[in-house]
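Ligands are counted one by one from 1 in listed order, and the atoms in each one are counted from 1 as well.
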Amino acid sequence: MSKIIITCAVTGSIHTPSMSPYLPVTAQQIIDNAVGAAEAGAAILHLHARDPENGRPSADPEHFMGFLPQIKQRCDAVLNISTGGSATMTLDQRLAAPKLAEPEMCSLNMGTMNFALYPAAARISQWQHDWEKPFLEGSDDLVFKNTSRDIAQILTELGEKRGARFEFECYDVSHLYMLRHFVDRGLVHGPLFIQFVFGVLGGIGPDPENLTHMKLIADKLFGDTYTFSVLAAGRHQIPLVTMSAILGGHVRVGLEDSLMISRGVLARNNAEQVAKIRRIVEELGRTVATTQEARQMLDLKGADRTGI
Ligand code: KMH
Ligand code: ZN
């Protein structure tokens, strides 16, 4: 089996500060968490930004540049900037920072969907910031927009023009066919790095049968031109990424996807989750890929060719 790439998604735009005191919000918290995750074995760092004043998801390039250079100085991990941002942002807002930073890697969400966060609101009694409750509760009428035109624009602006390669976020089987469509249009070229996303309310459920089915269809559509990784939300994170490691896939952890380190116990930082999945995959006999091995496997342009 190939070496296994560990991705760490440091803060994201799903969880809010009232859910965990350990959610990285300020530039320094994001830097320390990212570097700690890299030191624990993460070869790729998947990065969103937040307003340091209140922890709200931010698309502001200033917020991204408040941590990207320092992370780059302190570790050699691949910097992967989200083009998903938050479902509340316009596409232009979501692309502002990655167009400026010209990273080696960006996420690319392969379909429009519901992105229902509101069930989490019911579990919070003490709100730290006034934006949190309406942000979560308003997601019952929120569309995470990723039309074919949006996808083509991201591929052109960040891939063709700026040399980024992609973490293709596939939340359902249909997204695999959309990715195949862009391969057929000549806008996407291998090696493909496909992130199977499980457990987002609006995407495919976190059932093991869905992982084997997504892999079956991806094998059929992409053959040996792809490798897959798995992320799963909340309590499903470790079981499903472990299953991915068993099936020869890569893994993604991080506080973007789950705030927990074990049942009922909050993770104090991202490195704890990276260390946990590293222990598991090494016990399974997998060898963790270095940052350079990840770059070679995914045909990335190199850290010296970014705008960071
Ligand atoms: N938040 C994850 C479920 C992105 O940033 O582009 C998927 C994700 C999307 O990370
Ligand atoms: Zn993300």
Side-chain angles (χ1 to χ4, degrees), residues 6-16 19 23-24 30 33-34 37 42 44-50 57-59 63-64 67 78-91 93-99 101 103 105-117 119-120 135-136 139 142-147 150-151 153-155 157-159 164-172 175 178-179 193-206 210 214 228-237 240-241 244 250-259 270 273:
I6 301 177
T7 295
C8 183
V10 172
T11 188
S13 63
I14 293 173
H15 297 122
T16 69
M19 298 176 185
L23 184 68
I30 292 171
N33 263 266
I44 299 174
L45 298 169
H46 172 102
L47 297 163
H48 293 246
R50 289 184 183 259
S58 168
H63 290 152
F64 279 90
F67 56 76
V78 174
L79 303 187
N80 167 5
I81 298 179
S82 171
T83 64
S86 163
T88 59
M89 298 171 187
T90 66
L91 189 65
Q93 287 170 333
R94 289 159 51 181
L95 299 190
K99 284 169 77 171
M105 196 168 219
C106 290
S107 64
L108 178 45
N109 295 273
M110 295 310 296
T112 294
M113 61 189 283
N114 294 330
F115 214 100
L117 304 177
F135 173 81
L136 295 170
S139 65
L142 187 62
V143 173
F144 184 31
K145 178 178 172 290
N146 299 288
T147 61
D150 294 340
I151 292 168
Q153 182 180 338
I154 296 169
L155 288 168
E157 288 300 319
L158 293 168
R165 291 186 60 69
F166 295 95
E167 173 194 12
F168 295 104
E169 313 278 356
C170 292
Y171 301 71
D172 209 328
H175 294 177
M178 183 58 78
L179 179 55
F193 183 61
I194 303 177
Q195 189 72 256
F196 298 164
V197 181
F198 297 100
V200 170
L201 185 54
I204 200 165
N210 287 334
M214 289 274 279
F228 70 96
S229 179
V230 165
L231 81 85
R235 68 182 185 280
H236 307 294
Q237 181 183 61
L240 280 173
V241 299
S244 178
H250 305 294
V251 294
R252 172 170 141 173
V253 293
L255 301 189
E256 171 168 345
D257 304 330
S258 171
L259 294 171
N270 280 270
Q273 287 186 1

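- Remark: the Gln195 side chain and the Ser229 side chain contain an N/O donor-acceptor pair separated by less than 3.5 Å.
- The distance from the NE2 atom of His15 to the CG atom of Leu136 is 9.5 Å, given to the nearest 0.5 Å.
- For ligand 1 and Arg252, the ligand atoms under 4.0 Å from any heavy atom of the residue are 2 (C), 7 (C), 8 (C), 10 (O).
- Between the Thr90 side chain and the Gln93 main chain, a donor and an acceptor come within less than 3.5 Å of each other.
- Neither the backbone nor the side chain of Gln195 comes within contact range of ligand 1; no heavy atom lies under 4.0 Å.
- Using a 30° and 60° split on the angle between ring planes, Phe64 and Phe67 fall in the tilted class, from 30° to 60°.
- The main-chain N or O of Ser107 is never found under 3.5 Å from a side-chain atom of His46 such that the two would form a donor-acceptor pair.
- Close approach of ligand 1 to His48 (heavy-atom distance below 4.0 Å) involves ligand atoms 5 (O).
- Not one N or O on the side chain of Arg94 forms a donor-acceptor pair closer than 3.5 Å with the backbone of Ala87.
- What sits closest to atom 7 (C) of ligand 1 on the protein, heavy atoms only, is Tyr171 OH, 3.2 Å.
- Within Glu256, the N, O or S atom at minimum distance from the Zn ion (ligand 2) carries the name OE2.
- With hydrogens left out, the protein atom closest to atom 5 (O) of ligand 1 is Ser82 OG, 2.7 Å, a heavy atom.
- Counting heavy atoms under 4.0 Å from ligand 1, residue Ile14 touches it through the side chain alone.
- At the top of the distance list for atom 6 (O) of ligand 1, counting protein heavy atoms only, stands Ser107 OG, 2.6 Å.
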Check: Going through the checks in order, is the side chain to side chain contact (heavy atoms under 4.5 Å, CB included) test met by Asn114 and Leu201?
Finding: CA-CA 7 Å; Asn114 294 330; Leu201 185 54; over 6 Å; no
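- In this structure, Phe144 and Tyr171 have perpendicular ring planes: the angle between them is above 60°, well past the 30° mark.
- Regarding atom 8 (C) of ligand 1, its nearest protein heavy-atom neighbour is Glu256 OE2, 3.5 Å.
- At the Zn ion (ligand 2), the vertex angle linking NE2 of His48 with NE2 of His46 is 100° (nearest 10 degrees).
- Remark: distances from the non-hydrogen atoms of His46 to ligand 1 include one below 4.0 Å.
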